[in-house]
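Here is the structure we will look at, set down as structure tokens.
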Amino acid sequence: MPKAKITQEEALAFHLEPTPGKWEVQATIPMTTQRDLSLAYSPGVAVPCEAIADTPETAYDYTNKGNLVAVISNGTAVLGLGNIGALASKPVMEGKSVLFKRFADVNSIDIELDTEDPDEFCRAVRSMGPTFGGINLEDIKAPECFIIEQRLKEEMDIPVFHDDQHGTAVICAAGLINALHISGKKIEDVKIVLNGAGAAGIACIELLKAMGASHENCIVCDTKGVIYQGRTEGMNQWKSAHAVSTDLRTLEEAMKGADVFLGVSVKGAVTQEMVLSMADNPVIFAMANPDPEITPEEAHEVRVDAIVATGRSDYPNQVNNVLGFPYLFRGALDIHARAINDEMKIACAHALARLAREDVPDEVAMAYGKSLTFGRDYIIPTPFDPRLIHRIPSAVARAGMDTGAARRPIIDMEAYELSLKSRMDPTASILRGLNARARAAQSRMIFAEGDDPRVLRAAVMYQRSGFGKALVVGRPDDVKLKLEEAGLGDAVRELEVVNAANTTHLDAYKEFLYERLQRKGFDRKDIHRLAARDRHVFSSLMLAHGHGDGLVTGATRKSAHVLDRINHVFDADAARGAAGVTALLHKGRIVLIGDTLVHEWPDENDLANIAERAVAVARHMGLEPRVAFVSFSTFGYPVSERAEKMHVAPTVLDKRGVDFEYEGEMTVDVALNVDQQESYPFQRLTGPANILIVPARHSASISTKLMQEMGGATVIGPILSGIDKPIQICSTVSTANDILNMAILASCDIG
């Protein structure tokens with residue numbers, strides 16, 4: 001699978017649009033009336049102030065302290081960029097903040113401190129303690145990171161966690177638990193070699209020793225070789241703590257007979273000869289980024305029994321910190337922890353290890369396009385796993401309570417786990433899953449409108465993101481000019497530009513089209529004009545003949561016109577069961593609405609067909625469908641001839657014996673609100689509907705566009721369902737990213 005390519009222009013545009021940066025602040029309370037303002041600020045705010053002054057612990061009740069983490073750096077060790085300074089580190093810290101929110105619903109603010117003095121840094125962070133429920137230190141160079149973290153842990157009464165150290169250590173430990181399980185070895189018996197004695201390396205070896213690894217069996221190496229007792233060159237107190245009495249002096253010598261190699265060093269540090277010298281069933285965690293100490297291919301070439309993990313997402317067994325820090329802080333915040341101690345980190349590692357040994361949920365397998373089973377290539381869970389949010393924090397919270405770190409222990413753990421499940425944002429998981437499936441599919445995607453800059457940017461993103469091959473329909477000179485104007489001149493050589501003039505298949509296309517249209521009033525001249533001059537028809541003919549795997553169009557013409565052209569080549573009309581389904585993503589919820597494209601005024605049988613099409617789309621997305629036929633009436637009241645078909649449509653499905661939940665007719669609030677549903681105990685939905693079937697195309701269009709413009713919903717679609725080939729029609733107001741999303745849907749063959 002090709003590696004995704006990100007250009008400077010794309011990265012800068014991502015951070016610039018739609019507004020600079022990656023997060024914003026939103027109020028969680030109404031701020032509309034004078035009374036609201038009086039309660040939020042003076043005079044009402046004085047009441048919680050006095051309560052907190054009397055009982056400081058109530059700050060967790062009346063402020064956001066209990067769900068707020070600071071991501072703090074001084075920019076001295078940023079990714080692979082080194083000491084670039086506090087200001088230049090801000091994009092990374094903003095990114096870490098949004099990861100907290102995305103994966104564990106933890107609010108986070110990035111803070112960049114312009115100092116390299118540990119004393120000054122500690123004073124600044126310590127003075128901010130009342131604001132936050134936890135401190136996540138990030139990208140601070142060694143050895144200052146050790147000094148800073150230790151001092152802040154001693155001086156503050158909230159969790160202080162340096163993720164570069166402990167995040168890597170926790171995921172490494174989780175993977176090692178399972179690797180040793182597979183190889184039948186015990187941690188107290190194995191010989192471990194660590195290469196890289198910086199922040200992450202020291203944290204890894206310390207955590208493994210806390211889990212039972214023997215000090216004498218752990219050999220630590222740095223750029224000057226083995227850290228042995230008596231060595232003076234390049235030493236500090238943190239390295240000295242792991243010095244052993246040994247005659248070994250080089251990494252090569254240390255690797256002989258080793259059971260485990262841990263690398264947080266540099267590309268190429270480990271050779272195949274070193275791997276050959278290791279013990280049976282060697283465990284190799286080559287975690288250097290962006291390139292590992294040795295690649296899995298190189299290791300497996302000489303040792304088929306090796307269990308290999310890296311820090312990269314394009315190899316199995318990724319040691320990914322995002323599996324740890326969001327959930328560690330989630331659990332720590334929820335017990336109002338004083339600290340994140342070793343027991344909490346070890347609990348996190350064991351919970352991750354247990355999760356990888358269990359059956360993998362269908363949505364995870366769907367996201368990867370393959371089944372994942374515990375074994376040598378699956379010892380660490382994936383970030384897609386929906387169980388992480390409720391399994392890992394609860395394990396961390398239990399350990400915190402057992403070790404006395406909790407200020408407010410959780411009484412009902414079952415209720416706590418249910419509350420954690422409600423924090424999961426299904427929309428993000430669905431979109432990530434679709435992206436992964438598209439990368440696995442590697443579809444040749446036809447972009448019909450190669451004269452539009454948005455389409456060209458989407459085509460470039462599709463190909464550079466590793467989804468597959470982009471085929472652009474257009475004139476080469478025009479495509480070249482527009483790419484250059486968009487700042488993507490280097491992409492000219494990457495895209496394949498196709499048109500009627502340069503294809504060898506035009507005669508076959510015209511013959512196929514004549515066979516379809518000769519009895520519909522089209523003569524040979526008409527057929528030539530359609531096949532050679534209409535890009536929508538030409539693109540559809542490419543798809544019909546297997547010269548592409550999917551088609552995206554509609555960015556430059558109204559959907560009705562595009563659908564008419566597609567129907568010259570495919571049977572994509574209402575009579576043959578086609579339908580349009582639009583996905584609305586808003587505040588962690590996803591709702592599908594149909595029909596938004598094909599049926600103008602469907603009858604009850606059409607509505608039942610639309611429901612079945614929408615269910616197919618929902619299942620492709622990993623949703624368990626619950627269908628509501630919606631109107632302005634609920635179960636026959638008020639009585640209206642206009643609502644009658646919505647009342648009858650469910651009975652059509654009754655006769656078909658379908659295998660999904662459905663109910664109606666009902667108003668939208670009853671469909672989406674479980675409290676409202678309780679007023680109708682006879683209704684059959686077991687939860688809020690996620691598919692709304694509306695009376696007509698105009699009501700579908702109004703509702704989706706209203707949600708988009710007024711509600712701020714993300715709109716994906718309409719998704720064209722019910723035809724033989726993957727075709728998706730964009731709207732004329734689509735952005736390049738919208739068009740890319742439609743290409744991803746076509747690649748996944750959703751419809």
Side-chain angles (χ1 to χ4, degrees), residues 2-18 434-435 438-439 441-503 532-543 547-559 561-562 565-566 715-717 720 726-748:
K3 187 179 177 182
K5 177 182 177 183
I6 297 174
T7 65
Q8 288 185 325
E9 293 84 1
E10 288 174 299
L12 292 174
F14 184 87
H15 286 79
L16 177 64
E17 300 167 350
L434 291 174
N435 275 258
R439 285 195 181 91
Q442 289 297 297
S443 296
R444 298 165 299 160
M445 190 58 53
I446 304 165
F447 292 83
E449 298 149 311
D451 62 339
D452 188 283
R454 296 168 299 160
V455 174
L456 291 175
R457 287 200 300 273
V460 172
M461 287 191 290
Y462 179 85
Q463 190 154 302
R464 287 183 173 176
S465 297
F467 294 123
K469 180 69 178 172
L471 309 174
V472 174
V473 177
R475 292 183 292 109
D477 290 346
D478 187 41
V479 169
K480 181 175 184 293
L481 177 63
K482 287 189 166 62
L483 283 171
E484 288 172 347
E485 290 174 348
L488 293 168
D490 60 334
V492 172
R493 295 182 301 276
E494 300 173 27
L495 299 179
E496 183 176 339
V497 182
V498 188
N499 58 40
N502 67 16
T503 183
R533 299 178 188 173
D534 190 298
R535 56 197 169 183
H536 306 293
V537 175
F538 178 81
S539 301
S540 299
L541 287 165
M542 283 181 65
L543 183 63
H547 300 144
D549 302 312
L551 169 62
V552 178
T553 186
T556 63
R557 298 296 299 269
K558 296 292 185 184
S559 59
H561 172 85
V562 174
R565 292 297 186 264
I566 290 171
V715 174
I716 300 177
L720 185 57
I727 301 174
Q728 297 304 339
I729 301 176
C730 305
S731 74
T732 54
V733 296
S734 295
T735 65
N737 204 57
D738 294 332
I739 298 167
L740 175 63
N741 283 336
M742 298 305 284
I744 290 168
L745 290 175
S747 180
C748 295

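If you read the sequence from its start, that first residue is 1, and numbering goes on from there.
- In this structure, CG in Leu483 is found 5.0 Å from CG in Leu456, a value given to the nearest 0.5 Å.
- Panel note: side chain Arg439, backbone Ser465; a donor-acceptor pair is recorded below 3.5 Å.
- Between Gly554 and Val562, the closest heavy-atom pair is CA-CG2, 3.8 Å.
- For the atom pair NE2 (His536) and CG (Leu541), the distance works out to 13.0 Å, reported to the nearest 0.5 Å.
- Here the straight-line distance linking atom SG of Cys730 with atom CD1 of Ile716 works out to 11.5 Å at 0.5 Å rounding.
- At a threshold of 4.5 Å between non-hydrogen side-chain atoms, the residues Val492 and Val479 do not count as touching.
- In this structure a side-chain-to-backbone donor-acceptor pair under 3.5 Å is missing from Asn741 to Asp738.
- The shortest non-hydrogen separation linking Gln442 to Gly466 is NE2-O, 2.6 Å.
- Counting heavy atoms from C-beta outward, Lys469 and Gln463 have side chains that approach closer than 4.5 Å.
- Side chains of Thr556 and Arg535: a donor-acceptor N/O pair is present below 3.5 angstrom, by distance only.
- Heavy atoms only, all atoms of each residue included: Leu543 and Leu551 are closest at CD2-CB, 3.9 Å.
- The two residues Ala458 and Ile739 have their closest heavy-atom pair at CB-CG2, 3.6 Å.
- Contact check for Ile566 versus Thr553: side-chain heavy atoms found under the 4.5 Å cut-off.
- Residues Met542 and Thr503 have side chains not in contact (no heavy-atom distance under 4.5 Å, counting atoms from C-beta outward).
- Looking at Arg464 and Glu494, a side-chain N of the basic residue comes within less than 4.0 Å of a carboxylate O on the acidic one, giving a salt bridge.
- In this structure a side-chain-to-backbone donor-acceptor pair under 3.5 Å is missing from Ser747 to Ala743.
- Pairing each heavy atom of Ala470 with each of Ala459, the nearest pair is CB-O, 3.5 Å.
- Checked by atom type and distance alone, the side chain of Arg444 never pairs as donor or acceptor with a backbone atom of Leu471 at under 3.5 Å.
- Using the six-membered ring where Trp is involved, Tyr462 and Phe447 have ring planes that are perpendicular, over 60° apart on the 30 and 60° scheme.
- Atom CG of Leu745 is separated from atom CG of Leu434 by 6.0 Å, given to the nearest 0.5 angstrom.
- How far NE2 of His547 is from CZ of Phe538: 10.0 Å, rounded to the nearest 0.5 Å.
- Proximity of a side-chain donor or acceptor of Ser734 to a complementary backbone N or O of Ser731 within less than 3.5 Å is detected.
- Asp477 has no carboxylate O lying under 4.0 Å from a charged side-chain N of Arg475, or vice versa, which leaves the two without a salt bridge.
- Nearest heavy-atom pair across Ala438 and Ile744 is CB-CG2, 4.0 Å.
- Put simply, NZ on Lys482 and CZ on Arg457 are 12.5 Å apart, with the number rounded to the nearest 0.5 Å.
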